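Written below as structure tokens is the structure these notes are about.
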Amino acid sequence: MTDQLKGKVAIVTGAASGMGKAISERFAAEGAKVVLADINKDTLAAVEKEITDAGGQAVSAVTNIANEADIDAMVKCATDTFGHLDILVNNAGIMDNFIPVGELDDKLYEKVMAVNLTGPFKAARAAINVMLKQENGGVIVNNASVGGLFGVRGGAAYTMAKHGLVGMTKNIAATYGRFNNIRANAIAPGGVKTNIQSTITAPNELGTKALALTGDAPLAEPSQIANLALFLASDESSFINGDIIAADGGWTVV
Ligand SMILES: NC(=O)c1ccc[n+]([C@@H]2O[C@H](COP(=O)([O-])OP(=O)(O)OC[C@H]3O[C@@H](n4cnc5c(N)ncnc54)[C@H](O)[C@@H]3O)[C@@H](O)[C@H]2O)c1
């Protein structure tokens, strides 16, 4: 550990599990003060305890990223508790059973868009309006997916939302990144060993058939993605702005 985030304040959404947990732990180990945001209160408390027991600084903010009042409270938690906000990691996300357009009902579409795109947009908006007032600006890291770059790594709702997240990343980079010292980049993970697979309860037949065309995905440990999130959040990546970096073990290169 090298204190790469010493003195920085970070919000990580979806911090109670998988990549969000690994990112939060790594950031805290690198000296960041971390606001752990997740809808799952019990697992969130366990992550907070793990981090503080290890000597790190973290506070929990129970947050439904689909709820704007929760998002505002999450950002206020960062500024009230730690005085500023330097890093936002939009990581929370859900899957959609690989359902294609013709079979996608409004309820699932709206839920996936709310969690995977509208929530990250509102969180970025709130964070940017804090970062704009800071001399050192800030950094936004969006956890997208190779589903944000290609057609069948998720269902239609997931694919549309993650493509939207990629678009938002580029827009922030081109505006605030060029003019206001607020960089934005996105990670596009391939397969990662997390709890998200357990939410694929009834995989759609057509969606699964299309996914099979892509071959077997190599599987990453969440810590391998946390390494990239750390790089993108730290000053080590100070000249990287508007990039979407795939971390998929070469899944999409063949
Ligand atoms: N695991 C993969 O293979 C993979 C691949 C590419 C991208 N991703 C993306 O990585 C991100 C993290 O996923 P993961 O694989 O670590 O999954 P995970 O299920 O292990 O963790 C996701 C966390 O998000 C939280 N969450 C869900 N809905 C929420 C809401 N409305 N508000 C706040 N928190 C909420 C969950 O409680 C959970 O703690 C997601 O955006 C996902 O789309 C995952």
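No hydrogens, no waters, no symmetry mates; every other heavy atom, side chains included, goes into these values. All figures in this text were calculated on a predicted structure; none of them were measured in a lab.
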Check: Can you tell if the side chain of M160 reaches within under 4.5 Å of the side chain of D96, non-hydrogen atoms only?
Finding: no

Note to self: Checking side-chain polar atoms at under 3.5 Å, does R153 have a donor or acceptor matched by the opposite partner on T252?
What the structure shows: no

Next item on the list: Specify the closest pair of heavy atoms between A66 and V115, including all atoms of both residues, with the distance to one decimal.
Entry: CB-CG2, 4.3 Å

Next item on the list: Indicate the atoms forming the closest heavy-atom contact of A123 with I65, along with that distance.
Entry: CB-CD1, 4.4 Å

Notebook entry, point to check: Can S17 and N40 be said to form a side chain to side chain contact (heavy atoms under 4.5 Å, CB included), step by step?
Noted result: CA-CA 9 Å; S17 171; N40 190 330; over 6 Å; no

Item checked: Whether N91 side chain and N143 backbone form a donor-acceptor pair below 3.5 Å -> no

Check: Do L165 and M168 come within less than 4.5 Å of each other through their side chains, counting heavy atoms only?
Finding: yes

Note to self: What I'd like to find out is whether the side chain of V75 reaches to under 4.5 Å of the side chain of V130, using heavy atoms alone.
What the structure shows: yes

Margin query: Quick check on D80: does its CG atom have over 12 non-hydrogen neighbours (other residues, nucleotides or ligands) under 6.0 Å away?
Written below: yes

Next item on the list: Decide yes or no for F27 and I87: does some side-chain heavy atom of the first lie under 4.5 Å from some side-chain heavy atom of the second?
Entry: yes

Item checked: Min side-chain heavy-atom separation T2-E30 under 4.5 Å -> yes

Margin query: Could you check whether atom OH of Y109 has more than 12 heavy atoms from other residues, nucleotides or ligands sitting under 6.0 Å from it?
Written below: no

Check: Would a 4.5 Å heavy-atom cut-off, applied to side chains only, mark I128 and I140 as touching?
Finding: yes

Notebook entry, point to check: Has the side chain of N97 got a donor or acceptor atom that lies under 3.5 Å from a matching backbone atom of T201?
Noted result: yes

Next item on the list: Test side chain to side chain contact (heavy atoms under 4.5 Å, CB included) on M19 and V89 and set out the steps.
Entry: CA-CA 11 Å; M19 283 177 259; V89 182; over 6 Å; no

Note to self: Counting C-beta onward and ignoring hydrogens, is there a side-chain heavy-atom pair between M131 and N181 closer than 4.5 Å?
What the structure shows: no

Margin query: Take a 6.0 Å sphere around CZ of R125 and say whether it holds more than 12 heavy atoms from other residues, nucleotides or ligands.
Written below: yes

Next item on the list: Establish whether Y158 and M113 are linked, either directly or via other cluster members, by ILVMFWY side-chain heavy-atom contacts under 4.5 Å.
Entry: no

Checklist line | Identified side-chain hydrogen bond (donor to acceptor under 3.5 Å, both in side chains) partner of N90 from the options N116, T169, N142 | finding: N142

Notebook entry, point to check: Does atom CD of E205 have more than 12 heavy-atom neighbours, drawn from other residues, nucleotides or ligands, at distances under 6.0 Å?
Noted result: no

Next item on the list: Look up atom CZ in F150 and atom NE2 in H163, then write down how far apart they are to the nearest 0.5 Å.
Entry: 8.5 Å

Item checked: Non-hydrogen atoms of A78 and V9 that approach each other most closely -> CB-CG1, 4.2 Å

Check: Would a distance-only check, ignoring hydrogens and angles, find a side-chain to backbone donor-acceptor pair under 3.5 Å from N185 to I240?
Finding: yes

Check: Under the side chain to side chain contact (heavy atoms under 4.5 Å, CB included) criterion, do L228 and I245 qualify, and how do the steps go?
Finding: CA-CA 9 Å; L228 178 55; I245 302 181; 3.9 Å; yes

Next item on the list: Identify the two heavy atoms, one from G14 and one from A92, that lie closest to each other, and give their separation to 0.1 Å.
Entry: N-CB, 3.6 Å

Margin query: Can you tell whether the side chains of D70 and K122 come within less than 4.0 Å, N to carboxylate O?
Written below: no

Next item on the list: Could you walk me through whether I187 and V141 pass the side chain to side chain contact (heavy atoms under 4.5 Å, CB included) test, one step at a time?
Entry: CA-CA 7 Å; I187 301 172; V141 179; 3.9 Å; yes

Next item on the list: Please tell me if the side chains of I94 and V112 come closer than 4.5 Å, counting only heavy atoms from C-beta onward.
Entry: yes

Item checked: Over 12 non-hydrogen atoms of neighbours within 6.0 angstrom of OH in Y176 -> no

Checklist line | Atom of L211, atom of V152 and distance for their closest heavy-atom approach | finding: CD1-O, 3.4 Å

Note to self: Tell me whether E25 is salt-bridged to K21, with the criterion being a basic N under 4.0 Å from an acidic carboxylate O.
What the structure shows: yes

